[in-house]
Amino acid sequence: MSSAIRRPIRNIGILAHIDAGKTSLTERILYVSGRIRAAGDIDEGTTATDYLDVERERGITVKAAAAHLEWSGPGERLRVNLIDTPGHVDFSSEVDRSLRALDGAVLLLCGVAGVQSRTETLFRACRRRGAARLCFVNKMDRRGASFKRAFDDMARMLDPGAVAIAMPWGEGESFRGVVDLVEMRAYALCAEADPSGVGMRPPPLPVPPDILDDAARARAALVEFLASLDEGAGRGGGHSGEGGFAAELLEDFVAGRDSRPEAIRSALRAATIAGRATPTLCGSAFSEASACFLLDAVAAYLPAPDDAFMPEARDPGTGALVASLDSSFSALVFKTVSDPSLGRLSWTRIWSGAASAGEKVLDARTGRSLRISRIFRIQADRIESADRAEAGDIVALSFGGASTSAGGTGATLCDPRKPVLFEEISFDEPVVSIALEPRTRQDIARLREGAAALAEDDPSIRVREDPLTGRVELSGMGELHLEVALDRLRRDYGTQAKAGKPQVSYREVLAGEGFAREDFDRDLGGERARASISIRIRPSARAGGISLVLEGAGKMPASLAAAVRRGVEAALSVGPAACYPLGGVEAVLEEISLPGGLSSPGRTGERAAEIAATLAATKAAAAAGSIVVEPVMRLELALPEDFLGAAAAAISGRGGRIESVEEEAGGRRAIVGAAPLRRLFGFATELRSATEGRAECVARFLRYESVPATAGML
Ligand code: GDP
Ligand code: MG
């Protein structure tokens with residue numbers, strides 16, 4: 001793609017283990033780019049991106065908030081869309097959906113703690129989604145910080161592409177600044193900003209003599225790393241168009257001169273975009289200059305939307321891959337937020353083409369047509385209106401007309417003349433639920449409204465209501481997740497509902513494969529409705545949810561495919577063994593026929609197809625048979641050696657097993673284990689008293705396992 005039409009945009013997210021400094025760094029970035037007047041302080045509870053009350057109070061970022069800022073680095077003026085993502089394990093699906101909107105990510109490490117459990121998960125998620133990466137080692141000013149330790153762990157354990165482009169000038173209490181290895185310049189971070197410079201950068205200094213050797217070695221390692229990428233890669237293989245990453249560096253080498261900064265930058269940019277390199281820098285979220293250098297690196301190395309990896313798109317009628325999205329409009333809704341005054345806003349990444357306010361688009365998953373009523377750009381909790389959005393933009397859309405499930409999280413929006421469908425966003429399955437009992441009649445309405453809004457904003461929350469009693473069952477990914485949801489219900493919707501004890505969510509998995517055919521022929525509201533459908537269902541490799549395969553059934557309009565999908569999903573929400581929802585199922589539509597053909601089924605044809613799909617899928621599931629499974633959690637504990645025995649006893653006392661015990665920095669031990677969630681309620685409290693509060697513990701969903709007969713839950 002020619003650089004003449006490349007839009008100067010970076011869509012990025014900052015990903016980190018909790019407490020690595022993501023919120024602080026985000027604030028500093030907003031501050032240096034002029035978007036906020038004073039950088040808020042997380043410890044004071046005044047930050048711009050942590051905007052829900054509950055988040056302020058708890059000091060954790062629950063919902064991703066997008067910020068839109070402009071940055072004039074040494075090069076062109078850039079627009080940066082920055083998505084703040086949560087660090088807590090209970091909210092991991094929020095991270096995956098943000099990744100679906102991004103082109104590049106900044107992986108943030110704490111300079112003291114280095115690589116942590118969550119860093120690993122985040123790194124893998126980035127790689128899976130094809131997001132290019134930078135790494136920033138933060139808190140270099142904190143006592144015990146070591147850039148070398150963090151960087152070596154990263155390169156050894158996670159990312160062989162990690163390559164240092166900066167090094168600290170002093171560390172911990174003696175931290176003074178950073179050395180830019182590309183330019184070979186030092187910057188004192190506490191110095192006054194350079195009045196002639198851009199943004200809030202301090203003036204460049206020569207590298208101090210006492211660290212000159214180290215810096216020269218690190219720069220040589222950077223050049224060597226880039227040169228090594230071309231070896232064995234085979235010319236033309238992998239990276240397209242150019243004769244290897246380091247062609248310009250080779251020129252310098254042949255000419256016998258020092259590697260030029262431009263040559264390093266261009267090799268590093270190409271390698272980063274290709275996913276082969278992760279440029280790594282360091283600094284402190286408390287310093288304006290660090291935020292400037294990070295933004296410069298974002299500009300220099302992370303992809304513009306035109307450089308980035310494009311997601312796969314399929315034809316919604318046939319399921320076939322679409323070769324190119326060309327200039328037709330296509331976009332993915334990655335999040336919705338219910339705003340009290342603006343209604344529901346759908347946060348959307350535009351992947352191709354453009355759309356203006358007033359235009360009609362198709363929601364390819366539901367087959368519904370939607371009119372875009374307004375387009376917004378977002379700056380933390382403030383919203384700015386726009387007329388038009390085009391490829392590469394991240395915007396919030398609101399739709400005219402009655403509210404429907406169309407345009408919700410995971411929806412593909414497209415040009416009705418060229419329908420396409422992106423891969424659905426997969427959410428962690430809810431594993432815990434609580435029952436909420438309304439206290440008064442008014443409370444029933446408040447609870448119903450609040451729970452519906454929560455589920456709409458966060459698809460990993462499921463809501464089930466008993467219409468007779470008004471009792472609502474809320475399911476989520478962990479105790480904290482539900483606690484935060486409950487807080488929101490109480491504050492934002494004023495419910496007084498009484499909450500029951502958290503319960504484990506069981507589900508069913510198929511015992512084998514099943515097939516069924518349904519010839520539906522009945523009177524529906526005075527019209528004869530007919531549809532014949534054959535469905536085969538089998539266990540799928542994808543752990544969560546239900547995937548529907550349409551290839552082979554013939555070309556059909558998106559609305560008919562959506563009707564079949566609704567029918568199959570309704571059938572599989574009730575398993576044959578014990579009425580728990582089925583998960584990990586692949587349903588193949590082998591045959592579908594309607595009396596008038598598939599091309600224009602009409603409302604009656606769609607209704608008939610939906611019912612036939614429900615009946616066929618129910619019979620196929622019964623034929624396959626199923627077993628009940630329960631969530632098993634992965635436990636990660638870190639604690640002083642003295643408490644190893646107490647912690648091990650606590651884990652085995654809850655039916656868990658220990659998989660590994662490793663030594664960590666500072667003589668602490670890291671335990672990895674697994675235990676059924678059914679036995680883990682109250683575990684955090686028990687562990688706290690058994691270890692005098694010295695243990696940290698995180699539990700996250702690992703997999704479903706069959707329930708032992710002795711568990712007595714059936
Ligand atoms: P998050 O959980 O990743 O969003 O991290 P926060 O931004 O909330 O920071 C966690 C804690 O680390 C807070 O107490 C911050 O003040 C502190 N912190 C963040 N960045 C730095 C840094 O660069 N240096 C030091 N010394 N502390 C930091
Ligand atoms: Mg935070």
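Position 1 is the first residue of the sequence, and the numbers go up from there. All ligand and atom numbering here is 1-based and tracks the order in the structure.
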* Should you measure from each heavy atom of Ser284, which atoms of ligand 1 turn up under 4.0 Å away? -> 22 (C), 23 (O), 24 (N)
* **Under-4.0 Å heavy-atom contact with ligand 1, by part of Ala16 that carries it** => neither
* To do: Report the member of Phe286, Phe175, Phe136 with the shortest heavy-atom distance to atom 27 (N) of ligand 1.
  => Phe286
* Please say whether Gly21 places an N or O atom under 3.5 Å from an N or O atom belonging to ligand 1. => yes
* Asked: Which atoms of ligand 1 are found less than 4.0 Å from any heavy atom of Lys22?
  -> 1 (P), 3 (O), 4 (O), 5 (O), 7 (O)
* Arg143 CZ: over 12 foreign heavy atoms closer than 6.0 Å -> no
* Asked: Can you tell which of Arg10, Arg201, Arg265 makes a salt bridge (Lys or Arg N to Asp or Glu O under 4.0 Å) with Asp296?
  -> Arg201
* **ligand 1 contact on Thr23 by region, counting heavy-atom pairs under 4.0 Å** => both
* Check whether any side-chain N or O of Arg133 sits under 3.5 Å from a backbone N or O of Ala131 as a donor-acceptor pair, and report yes or no. => yes
* Using distance alone, decide if ligand 1 has a nitrogen or oxygen within less than 3.5 Å of any nitrogen or oxygen in Ala285. => yes
* Heavy-atom count around Arg129 CZ within 6.0 Å, excluding the residue itself: above 12? -> yes
* Main-chain N/O of Glu70 paired with Ser72 side-chain donor or acceptor, under 3.5 Å -> no
* To do: Under the salt bridge (Lys or Arg N to Asp or Glu O under 4.0 Å) rule, what do Asp307 and Arg269 come out as? Steps first, then yes or no, please.
  => CA-CA 11 Å; Asp307 299 319; Arg269 175 172 181 79; 2.9 Å; yes
* **Element-labelled atoms of ligand 1 that are located less than 4.0 Å from some non-hydrogen atom of Ser24** => 6 (P), 7 (O), 9 (O), 15 (C), 19 (C)
